[in-house]
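The structure appears right after this line, and notes come after that.
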Amino acid sequence: MMEWQELFQAFVVGGGICVVGQVLIDKTKLMSARILVLFVCLGCVLGGLGIYEKLENFAGAGATVPLTGFGYRLAEGVMQEVDQAGFLGIFTGGLKAAAAGITAAVFFAFLAALLSDPKEK
């Protein structure tokens, strides 16, 4: 029974993040790229304040998969790397922490480009 509860929590939190994004698209004049940047920055800020970790513990993939989770991962990596390497960690920590996600995004985008048949509009 516990698995269903975890799935429900992930669905509610991940869906809630998506609803916020959709409301911003529908009700504001913000372009989608600005909303995506806003979500990454929000994840960084909430991660820096220690709030996003609690959300991630509660919702699991519902909090890690959206872009706010990517921002949180960047902030977490920077904080850990600054503790270990000092000032240089500001520049290296985020990339180290998010390397797997960045690599997967590049790989699957390349795969999609190979398999698709794009046409000009």
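- When only modelled atom types and interatomic distance are considered, E56 and Y52 share no side-chain donor-acceptor pair under 3.5 Å.
- One finds the CG atom of L46 at 11.5 Å from the NZ atom of K54 (value rounded to the nearest 0.5 Å).
- In this structure, P66 and A61 approach most closely via the heavy-atom pair CD-O, 3.9 Å.
- The hydrophobic clustering, which links ILVMFWY residues whose side-chain heavy atoms are closer than 4.5 Å, places V82 and M79 apart.
- Cluster membership for L95 and V40, using ILVMFWY side-chain heavy atoms within less than 4.5 angstrom, is shared.
- For the side chain to side chain contact (heavy atoms under 4.5 Å, CB included) criterion with F70, the lone passing option out of I102, T64, L36, V65 is I102.
- L74 approaches C44 most closely through the heavy-atom pair CB-SG, 4.4 Å.
- The distance from the OG atom of S32 to the CG atom of L38 is 12.5 Å, given to the nearest 0.5 Å.
- Under the side chain to side chain contact (heavy atoms under 4.5 Å, CB included) criterion, L30 pairs with T28, R34, I35, sequence neighbours left out.
- No continuous path of hydrophobic side-chain contacts links V23 to V13 [ILVMFWY only; heavy atoms under 4.5 Å].
- Take D26 and apply the side chain to side chain donor-acceptor pair (under 3.5 Å) test, not counting sequence neighbours, and it matches Q22.
- Side-chain heavy atoms closer than 4.5 Å link hydrophobic residues (I, L, V, M, F, W, Y) into clusters, and following such links, even through other members, never connects L7 to F11.
- M31 and F39 are assigned to two separate hydrophobic clusters, defined by single-linkage of ILVMFWY side chains at heavy-atom distances under 4.5 Å.
- Of all heavy-atom pairs between Q9 and A59, the closest is O-CB, 4.0 Å.
- Counting heavy atoms from C-beta on, the side chains of T68 and L55 never come closer than 4.5 Å.
- Residue pairs meeting the side chain to side chain donor-acceptor pair (under 3.5 Å) criterion with at least one member in residues 91-113, sequence neighbours excluded: E81-K96.
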